[in-house]
Amino acid sequence: MNGKKRDSERIKRVMDLLQEVWESNPDMRFFQLIDSIQYEYSSRNNEFGKRVGFERDSKKYKVPISYIDLFYLEDTNFEEFLQEYINEVENRK
């Protein structure tokens, strides 16, 4: 970190937004929801966090893989995304 403390209030704000998104999708399991949110964030933000590579299967063949890694995503950006996502869902109703 750069020496500045992060706003600890962000934790409650982000968790409240996640709860709201989850409550609008109550049949999803938690990690289904997280996976879906990560994919949606990445697809709306120039594939931010998308990782592409290969892994070896049980017969040692290279198999292509891709996944989303949001490790470097700032909480403020994620919070803004969640709020926009919720607003879009509300507007569709």
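Not a single donor-acceptor pair under 3.5 Å links the side chain of Asn46 to the backbone N or O of Phe48. No donor-acceptor pair closer than 3.5 Å links the side chain of Asp35 to the backbone N or O of Phe31.
Using cut-offs of 30° and 60° for the angle between ring planes, the Tyr85 and Phe81 rings count as tilted.
Exactly one residue among Ile65, Asp69, Ile68 makes a side chain to side chain contact (heavy atoms under 4.5 Å, CB included) with Arg51. That residue is Asp69.
For the pair Tyr41/Leu82, no side-chain contact is recorded, criterion being any heavy-atom separation below 4.5 Å from C-beta on. Contact annotation: the side chain of Val89 never approaches that of Glu20 to less than 4.5 Å [non-hydrogen atoms, C-beta and beyond]. Looking at Arg10 and Arg13, their side chains come closer than 4.5 Å, going by heavy atoms from C-beta outward. With a 4.5 Å cut-off on side-chain heavy atoms, Ile37 and Leu18 count as touching. Between Glu55 and Lys62, every side-chain heavy-atom pair lies at or beyond the 4.5 Å cut-off.
A salt bridge is defined here as a Lys NZ or Arg NE, NH1 or NH2 lying under 4.0 Å from an Asp or Glu carboxylate O, and Arg6 with Glu74 meets this definition.
If you chain together hydrophobic residues whose side chains sit under 4.5 Å apart, Tyr67 and Leu33 never meet in one group. Residues Tyr39 and Leu73 are members of separate hydrophobic clusters, defined by side-chain heavy-atom contacts under 4.5 angstrom among Ile, Leu, Val, Met, Phe, Trp and Tyr.
Across every non-hydrogen atom of Val52 and Ser66, the tightest pair is CG2-CB, 4.1 Å. The two atoms that bring Arg44 and Glu40 nearest to each other are NE-OE2, 2.7 Å, heavy atoms only.
Here Glu84 contributes atom CD and Glu80 contributes atom CD; the two are 6.5 Å apart, rounded to the nearest 0.5 Å.
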query: Which is it for Gln83 and Glu79 under the side-chain hydrogen bond (donor to acceptor under 3.5 Å, both in side chains) test, yes or no, and what are the steps along the way?
result: CA-CA 6 Å; Gln83 188 61 64; Glu79 184 178 351; over 6 Å; no
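In this structure, the salt bridge (charged side-chain N to carboxylate O under 4.0 Å, His left out) partners of Glu47, at least two apart in sequence or on a different chain, are Lys50. Under the ring-ring contact (aromatic ring centres under 6.0 Å, His included) criterion, Phe30 pairs with Trp22, sequence neighbours left out.
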